[in-house]
Amino acid sequence: MGADFVQFSLTPMLIGTLAALACALPGNFLLLRRQALIGDAISHVVLPGIVVAFLITGTVAAWPMMLGASLAAIVAVLLIETIKRLGRIDAGAAMGVVFTAMFAGGVLLLEQSDTSSVHLDVEHALYGNLESLIWLEAEGWGSLFDWAALSQMPPQVVRLAVVLGVVAGFIFVFWNALKISTFDEGFALSLGIRARLLGFGLVVVTAIAAVAAFDAVGSIIVIAMFICPPAAARLMTDDLGRQVAWSAAFALASAVFGYVFAGYGPLWFGAAGSVSAAGMIATVSGLILATACLFGPKRKRIGAAREA
Amino acid sequence: MEGFLSALLLQSGYNAALVGIGAALLGIAAGGTGTFIFLRKRSLVSDAAAHATLPGICLAFMAMVAFGGDGRNLTGLMIGSAASAAVALVLVDWISRETRLPEDAAIGAVLSVFFGFGIVLMTVIQTMTSGRQAGLESFLLGSTAGMLFNEAVTIAIAGAVAGLLLLLLHRRMTLVAFDPEFAATTGVDVRSTDLATMGLVLVVTVIGLKVVGLVLIVAMLIIPAVAARFWTERVDRLVAIAAVIGGVSGYTGAAASAAYPNVPTGAIIVLISFGLFAVSLAFAPVRGVVASLYRHVRFQRQVHLRQGLLAVARGEPIFDGLTLKVLRFFGHIRADGVATLSGRAAAAKALRDEARWEVARETHQEDMSVARFDGLTAIEKVFTPDEIAELDRRIGDRIGVVA
C-alpha cells in the first residue's frame with residue numbers, strides 16, 4: 001500500500017468507482033420505469049457520436065467527444081420515440097432497430113476514416129482501458145496534497161467527479177418529483193409535475209453519465225453499472241431512498257473489488273499479468289446481483305410468497 | 001461499382017461467393033426467426049443471448065487448447081458459444097420469473113455480466129503462452145475476410161437447419177405469439193414452444209458470430225421483422241417478407257464488403273437492412289408514414305368540405321382559411337367567396353343529406369349502418385335509392401306538418 005499503489009492503482013480505482021456511482025444512481029429510476037435497456041442503447045450509440053465528433057474536429061479531445069456522444073444519445077432517444085409512434089412498434093424492437101443501426105454506422109465510419117494516428121477503435125469503445133489511467137507523477141500518499149502532482153492526475157478523475165456531482169444534484173433536486181412520476185405518472189401530472197419533461201431530463205442525465213463513464217471505462221461496464229447495482233438493491237428493500245443507498249454501496253463494492261480482483265487476482269492463482277478491470281467490475285456486479293437474487297430479503301414479487 | 005456488381009453475380013472468386021451465400025442464408029434464417037420473437041415482444045432477449053456467447057467462445061478456445069487441439073476450430077467455438085448463450089437465456093427466464101425484477105432488467109444484467117466476464121476471459125487468453133493469438137476479437141464484429149471453406153459449409157448447413165425448424169414450428173409459434181392461453185387450450189405446450197423459439201434464436205446467433213459478430217447479430221433478428229411488419233397484417237407473409245429482407249441485406253452486404261475496401265461485413269449488412277426498414281417506414285401502403293399522412297390530409301379536406309358546404313347552404317360566413325381553400329379547389333366558391341352554381345347545388349345536397357341522416361337516425365335506430373354515420377360517408381353508400389326516397393318522403397311529411 002505504498003507509492004506503487006498510489007501510482008498505479010489509486011486513480012483507476014477512483015475512476016472506476018466514480019463511473020460506477022454516476023451510472024448506478026440514475027439506473028435506479030430507469031429500472032423502476034422499465035427503461036433499464038435505455039442505458040444499453042445509449043452506450044451503443046456513443047460510438048457513432050464519438051466518431052462523428054472526431055471526423056469534424058480532427059482531434060480526440062475530451063469535450064468535443066462528449067458533446068458528440070451526448071448528441072448521438074439524444075438523437076437515438078428521439079429516433080426510438082419516433083419509430084415507436086409512427087410505426088406502432090413495441091419499445092424493445094424500436095430500440096433494437098435504432099441502436100444497432102447507429103452502432104453499425106459508427107463501425108463503418110470508423111473503418112472508412114483514417115484513425116490510425118489516434119487511439120480510437122471498437123474494442124476500446126467496448127471495454128475501455130481503465131488500467132492505463134495511471135498517475136505516474138505520484139510519489140506516494142503525500143502527492144495527494146501536492147498541487148503539482150495533483151494537476152497531472154488523469155483528467156477523467158475530475159471529469160467524472162463533476163458528472164457524478166451533476167447526476168447526484170439532479171436526483172437530489174428533483175427527488176420528490178422523480179419519485180412520484182416514476183411510480184404514478186398520472187398522479188404526478190395532476191400535481192402539476194411535468195412528468196414527460198422530467199423523464200426526458202432523466203434520459204439526458206443518463207446519457208451524460210454514460211458518456212463520461214464510457215470515456216474512461218468502456219461501454220460494457222456502463223451497461224452493467226446502470227442495471228446490476230440498482231437491480232440488486234431492488235431485491236433488498238421496498239424503500240426508494242434505501243434502494244438508492246444500497247445501489248451506491250453495491251456499485252462501490254463492484255468497482256473496488258472488481259479492480260482488486262482484476263489486478264491482483266491472477267497473482268493469487270500464481271499466474272502472471274492481470275485481466276481486464278472493466279470486465280471484472282461487471283462480473284463482480286453480476287455476482288452481487290446473483291447473490292441478491294438468491295438471498296435478497298425482498299426478492300419475491302408481492303403476493304408471490306403467499307402463493308408458494 | 002464494377003467490383004460490387006461482379007460480387008453480386010458471384011463472379012469475385014470462390015471465397016466471396018461462399019460468403020455471399022452464407023450471409024444470405026443467415027439473413028433468411030434470422031429474418032424468419034426474428035419475426036416470432038418480435039411478435040412475442042421479446043426482441044431484446046436475443047441481445048442477451050448474443051452478448052452471452054463471448055464467455056462460451058473463450059472457454060471453448062481454452063478447452064480446445066488445453067486438450068492440445070486447434071483453438072480456432074469454428075465448430076468447437078460454436079458449440080461453446082451456444083452453451084453459454086443457452087445458460088444466459090435460462091438465467092433471463094429464471095430472473096424474470098422467480099424475482100420481482102422485470103424482464104428488461106434481467107436482459108440487461110445478464111447481457112452485461114456475461115459480456116464482462118467474456119472480456120475477462122479474453123484477457124486471460126491473451127496472456128496464455130500456449131494459445132496462439134486467436135483473433136477472438138473478430139467474433140465481436142464478425143470477419144468474413146479469411147473464411148475457410150469448411151467454415152462456410154458449417155454456416156450454410158446450420159442456416160438450412162434453422163430454416164427447416166422454422167418451417168416445422170411456425171404454426172405453433174404463431175399461435176403462441178398471438179394468444180398463449182388459446183394455444184394452451186388447443187394442446188400446444190407454450191413453454192416448450194417458447195424454448196424452441198429461443199433455440200432457433202440461439203442457432204441464428206451462433207451462425208451469425210462469424211459473419212456479423214455478436215454485437216450486431218441482434219440487428220439481423222430485429223430489423224427485418226420490424227420492417228416487414230409495415231407491409232402486411234398476415235403472419236405467413238410477415239415471415240416470408242422478413243426472410244426476404246434479411247436474405248437481401250445479407251447477400252448485398254457481403255457483396256459490398258467484398259467489393260470495397262474497409263467495409264466491415266456485419267456493419268454494412270445491418271445498415272442495408274436499416275435502409276430497407278427506413279423505406280418500409282416511409283412508403284409502405286396503409287402503415288407507412290406517407291400513406292398515413294395522405295389519409296390524414298384527405299380526412300381533413302373531407303371535414304372542411306362538408307362544414308364549408310353546410311355553411312354555404314345556411315348562408316353563414318366562412319372565416320377558416322383551409323375551408324375556403326378546399327371550397328375554391330373544388331370550384332364551389334369564387335375567389336371573392338361567393339358560391340358558384342355548382343357550389344350552391346352541392347351545398348343544397350349537403351344540407352339535404354344532413355336532414356336525411358337525421359331522419360335515418362330516428363327510423364333506423366337498431367341499424368349498425370346508421371351508427372357508422374360520421375358526417376363524412378356519402379348517404380348513397382349506406383342506403384339504396386328507394387330507401388333514400390323513403391327518407392325524403394318522411395322529410396316531406398315533417399315539413400308538411402310544420403308548415
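First the proteins, then the strands, lettered A, B, ... as listed; each starts at 1. All heavy atoms count here, side chains included; hydrogens, waters and symmetry mates do not.
- The two residues A:Ser285 and B:Val113 make their nearest non-hydrogen contact at OG-CG2, 4.4 Å.
- In this structure, NE2 in A:His44 is found 7.5 Å from CG in B:Leu216, a value given to the nearest 0.5 Å.
- Heavy-atom distances place the side chain of B:Ser43, and not its backbone, under 4.5 Å from chain A.
- Ranked by heavy-atom pairs under 4.5 Å with chain B, the list A:Leu289, A:Ile83, A:Ile221, A:Leu287 is led by A:Ile83.
- For B:Val289, the part lying under 4.5 angstrom from a heavy atom of chain A is the side chain only.
- In this structure, B:Asp104 contributes its side chain and A:Ala36 its backbone to a donor-acceptor pair below 3.5 Å.
- Heavy-atom distances place both the backbone and the side chain of B:Phe117 under 4.5 Å from chain A.
- Using a 4.5 Å cut-off between heavy atoms, A:Ile223 contacts chain B through both its backbone and its side chain.
- Contacts of A:Leu30 with chain B are absent, with no heavy-atom separation under 4.5 Å from either backbone or side chain.
- Between B:Arg100 and A:Asp238 a salt bridge is recorded (basic side-chain N to carboxylate O distance below 4.0 Å).
- For chain B, no part of A:Met102 is nearby; none of its heavy atoms comes within less than 4.5 Å.
- Considering only heavy-atom pairs separated by less than 4.5 Å from chain B, the leading option among A:Ala93, A:Cys228, A:Gly286 is A:Ala93.
- Only the side chain of B:Leu281 comes within contact range of chain A, with at least one heavy atom under 4.5 Å from a heavy atom of that chain.
- When every heavy atom of A:Ala101 is checked against every heavy atom of B:Leu271, the shortest pair comes out as O-CD2, 3.4 Å.
- Remark: the backbone N or O of B:Ala219 is not paired with any side-chain donor or acceptor of A:Thr100 at under 3.5 angstrom.
- Contact of A:Ile89 with chain B is made through the side chain alone, with heavy-atom distances under 4.5 Å.
- Using a 4.5 Å cut-off between heavy atoms, A:Phe226 makes no contact with chain B at all.
- Proximity to chain A (any heavy atom under 4.5 Å) is restricted, for B:Leu140, to the side chain, taken from C-beta onward.
- With salt bridges taken as basic N to acidic carboxylate O contacts below 4.0 Å, one links A:Lys300 and B:Glu98.
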